Amino acid sequence: MTATKVSKFGSRAVAVLLAGTMLSGLSGTAMAQSNAPRVLAPLPAAVPDAPVRVIKTLRVDGAQRIESDTVLSYTKLRIGQAFTNESLDQAIKDLYNSDLFADVTISGAQTGDIILKVRENPIINRVLIEGNKRLKSDKIQKEIKLAPRQIFTRSAVRSDVSRIIELYRRQGRFAASVSPKMVALDQNRVDIIFEVSEGPKSKVRQINIIGNEQFSDGRLRGEMATKQARLTSLLSSNTSYDQDRLAYDQQKMRQFYLTEGYADFKITSAVAELTPDKRDFIITYVVQEGKRYRFSDVTVDSDIRDFDNKKLAETLTAKKGDWYNAKKVEDSVDAINQAAGLFGYAFVEVNPEFSPDRDALTMAINFHISEAKRTYVERIDINGNTVTQDQVVRREMRLAEGDPFNSFLVKRSQDRINSLGFFQEKLEVTQKPGSTPDRVVLEVNAEEKSTGELNLSAGFSSLERFILQASIKQRNFRGKGQELRASVSYSTYSKSVELGFTEPYLFGRTIAVGGDIFRRDYNSFNYSGTQRQTTYSQLSSGFQIRAGVPITEYLSLSGRYGLTYDQVGLDQATYYTNGVCDPLKAGRYLCDSTGNRVTSSIGYSLVYDSLNSRVRPSAGHRIIFSQDLAGLGGDVRYIRTKFDSDKYWNVGSGFIFSVGLEGGYILPLEKGRGPGIDGVRINDRYYLGEPQFRGFDIRGVGPRIQRISYSDGTVNQTLLDGRNQFVDDALGGRAYYLGHAELEIPLGAGARELGLRPSIFMDFGALFGVTRPLPTATFPTLTDPTTGKTYVGSIFTPVSGFYTYNAGTVDAPLTSTTTCAAGIPDANGLCVGTTPNPGLLSEQTPFIERFLGNSASPRLTIGVGVNWNSPFGPLRINVAKALLKQPGDDAKLITFNVGTSF
């Protein structure tokens, strides 16, 4: 380390700290002391009979900050004490070892008047780090020992240099070097500067495996976390060298061979060589695969009488004749522990005893279960619940103090607590020994997470276009597990205000009660070409009250009552003529649906739920069967039946596979509403499409009416049936079914932190069962007298209260509109004259209506999607292709939603 005079320090003295020696990060060269202990000139050799020398006086020269008594306390020299050359040398060593002094000399040995001349180490003024970009200075400062106002020592400098180098090595930068420098200041102070040369990140250039015959190098490299630096791995962080990862890779390779039957597998050496340019590593493994074994006899030997050894052995995953697999051995041990837990044994020692036959290449295993006592729950400790009350957690426990221990009930308790959504994921109920061997303590270590939600968001979706939302929800109100919510939403096609409250345990009993009040304004729409246009509006106001009770651990029953007032109407300016809904403009099926009505309904749901989490399940099954009866008063009468089932599997390595099937049917209870009019009103029917049925547009599946106009003219009249030329009205259906299969694909830790969850999926389903509407109109068929060709003519309808008259002349007529039944209007709008005026006629150009999509034949789509908890709110993007569809169905390749739940 060299001392350098820097202009910004003024006229400070600059001392030479090291001469010709630089501390390098990788070479590990030790920094020498420029002021090494000074060797005294040899004292005269003691004459055998010479008198003993005694310290007459003892003083310290050169000490500035350190008291003389403190300096002397580091030595063994005392006044009146005899001394020798060796004791003086030891005193010098002791003072240097204190790291307080840069130079020490002793004089006066001849006379006994001993003077300790010292030069103190300087005080550190500042510690600066330069040249560092990949590591922030504050992170390095936390790791080193030198700091302002401390005493400077060369040993501390050497230690800090090594520490900084180690930090860079952890980042894979083995070419990093550090040069320490000292700038001398006045008052025996110094600034210490660590000049860092970070160098490039050292990559793993090659991974060589020697001795493998059964598996290729590529197959084995695939099991390792470390990857070779290639163009295809530019974005990977696993291409840098890491010593800990090297040990992990060896363990992964052992696990792989042991699961493939190679019980004698060994790694004889693992060497990582740094290339001369210090940029890359070459890793070489030498392995001995050994022979492949099969399981022979798999037995259980239990000292616990409750177990049937033979039956227990039959349930294990390790089977005779299968290839030896260490993972199956571990799973078998876990299965035995689980079985023991079901019998009330919390702490069971299971020892697999291996008996290899190297001639027959078989491995016999005996699982020995040591004697254990049946255990009981001594107490249940709940820790970390700073907001949630203890009773909220305890009521989810399937065990109580004094109950026999049962591992299945412990796991079920853990799943129920996780499903509350009040605590961080990975919550576990752990088991600890109690006060006696037959007692166990269950400990719930919870970490609270935020359960209050305040959302103010704006977004855009392919479903509802522009969206504004404001909602507040507290899922753990007052720490009692109650849910209180309020929400307001606004979009192009819907507006709503809702308030709700749920008490999951009424009066401490397993009875859930709740209620909601709401007002929803929904505008339905159709497509005219590619443009959406509003058809009917539905304003609903009402409330619902509900209650639920558990029947068994997994089965529950809930009931509800709802009252809703619906106002369904059409835009009069667009769809009305003479104050009446005009079927020629709106369609007979829409005109039949307008009006105000009250729906009073009662319903129930039977729910079977064994999911391990209601928030993000990875295992378990959920089945819901529900029915609602509308007709307890009100104007609407029907029975709505619905079935919904989902199943989840954790298939390993983070992959989650799920399947689902749902369906519903509405049985009308009203008398016939007329020919061509369905017994279920259009706003009470099922609809299918985006977002439930990926690959189709909103309401893109099921019965619909397509109104296709004829082209103008009479000679070559054709249908304008291009996708962007006709009106498409979805009618909904009384019956539907929908199924899906989905595989969620795990990503790395970085992607998980971003909330990315990609998946591949397949959806199938259909919507059907509506009555075919009667044609809106029958247009006349006319014949062109010139060509003899027939064409479809228009329909003319009188417009009430309006007439036409000639506002021009006889030679140049000009037809105008008036409200005068006779005569013409004057300047004041008064009717002048008695000549009757013909009525104004509204022309409806001809069209045909196609009734399509009313088929139970399945539609099928496949695709990929991704969920992302983006800073703008949850985002779901799907890319799906419709493989099977029916005429009239409206497929859509890409759909997305931002700002709404998915």
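All of these numbers come straight from a predicted model, not from anything done at the bench.
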Would you call Arg134 and Arg173 a side-chain contact if the rule is heavy atoms closer than 4.5 Å?
yes

Among Pro356, Ser296, Ser355, find the one that has a side-chain contact (heavy atoms from CB on, under 4.5 Å) with Met363.
Pro356

Do Asp280 and Ser202 pair up side chain to side chain, a donor and an acceptor below 3.5 Å, judged on atom types alone?
no

Thr226-Asp249 side chain donor-acceptor pair, cut-off 3.5 Å
yes

Please assess Asp217 against Arg221 for the test salt bridge (charged side-chain N to carboxylate O under 4.0 Å, His left out), listing each intermediate value before the final yes or no.
CA-CA 6 Å; Asp217 289 5; Arg221 292 191 195 109; 3.7 Å; yes

For a quick check under 3.5 Å, do Asn445 and Glu443 share a side-chain donor-acceptor pair by atom type?
yes

Testing the 3.5 Å rule here: is there a donor-acceptor pair between the side chains of Gln414 and Glu428?
no

Is a side-chain donor-acceptor pair under 3.5 Å present for His368 with Asp301?
yes

Can you label the angle between the Phe215 ring and the Phe256 ring as parallel, tilted or perpendicular, going by 30° and 60°?
perpendicular

Using only atom types and a distance under 3.5 Å, with no angle test, would you say the side chain of Gln228 pairs donor to acceptor with the backbone of Ile207?
yes

Between Leu316 and Val298, is any pair of side-chain heavy atoms under 4.5 Å apart?
yes

Within the 4.5 Å heavy-atom criterion, are Ser370 and Val348 side-chain neighbours or not?
no

For His621 and Asp646, work out which heavy atoms get closest and say how close.
CD2-O, 2.8 Å

Just checking, is any N or O donor in the side chain of Asn612 or Asp415 under 3.5 Å from an acceptor N or O on the other one?
no

Looking at Gln338, is its backbone amide N or carbonyl O close enough to the side chain of Ser407 to form a donor-acceptor pair, meaning the two atoms are under 3.5 Å apart?
yes

Got more than 12 heavy atoms from elsewhere within 6.0 Å of CZ, Arg254?
yes

Any donor-acceptor N or O pair under 3.5 Å, side chains Tyr257, Glu289:
yes

Flag if over 12 foreign heavy atoms under 6.0 Å of NZ, Lys145:
no

Is Lys181 paired with Glu195 through a side-chain N to carboxylate O contact shorter than 4.0 Å?
yes

I'd like to check Phe295 versus Thr362 (side-chain heavy atoms, cut-off strictly below 4.5 Å). Are they in contact?
no

More than 12 heavy atoms of other residues, nucleotides or ligands under 6.0 Å from OH of Tyr248: yes or no?
no

Verify whether one side chain among Tyr293 and Asp264 offers a donor that lies under 3.5 Å from an acceptor in the other.
yes

Is any side-chain heavy atom of Leu128 closer than 4.5 Å to a side-chain heavy atom of Ile192?
no

Kindly check if the number of other-residue, nucleotide or ligand heavy atoms within 6.0 Å of NZ (Lys319) is above 12?
yes

Indicate yes or no: does Lys328 engage Asp322 in a salt bridge with an N to O separation below 4.0 Å.
yes

Taking it one step at a time, do Asn132 and Ser137 satisfy side chain to side chain donor-acceptor pair (under 3.5 Å)?
CA-CA 7 Å; Asn132 57 309; Ser137 295; 3.1 Å; yes

Under 4.0 Å between a side-chain nitrogen and a carboxylate oxygen: does that hold for Glu744 and Arg616?
yes

Is the terminal nitrogen or CZ of Arg292 (NZ for Lys, CZ for Arg) located under 6.0 angstrom from the six-membered ring centre of Trp323 and within 45° of that ring's axis?
yes

Take atom CZ of Arg163 as the centre, draw a 6.0 Å sphere, and report whether it contains more than 12 heavy atoms from other residues, nucleotides or ligands.
yes

If we ignore angles and hydrogens, is there a donor and acceptor under 3.5 Å between the side chains of Asp277 and Thr275?
yes

Tell me whether the count of non-hydrogen atoms from other residues, nucleotides or ligands lying under 6.0 Å of CD in Glu349 goes above 12.
no

Strictly below 4.0 Å, N to O, side chains only: are Arg694 and Glu742 in salt-bridge contact?
yes

Closest non-hydrogen atom pair between Ser618 and Tyr648, with its separation:
C-CB, 3.8 Å

Side-chain contact test, heavy atoms from C-beta onward, threshold under 4.5 Å: evaluate it for Val190 versus Asn125 and give yes or no.
no

So, do Val157 and Leu146 sit near enough that their side-chain heavy atoms are less than 4.5 Å apart?
yes

Spacing of CG belonging to Asp763 relative to OG1 belonging to Thr861, to within rounding of 0.5 Å:
4.5 Å

So, for Thr268 and Val287, which heavy atoms are closest and what is the spacing to 0.1 Å?
OG1-N, 4.3 Å

Residues Gly695 and Ala882: closest non-hydrogen pair is O-CB, 4.3 Å

Using a 4.5 Å cut-off on heavy atoms from C-beta on, say whether the side chain of Tyr262 contacts that of Gln214.
yes

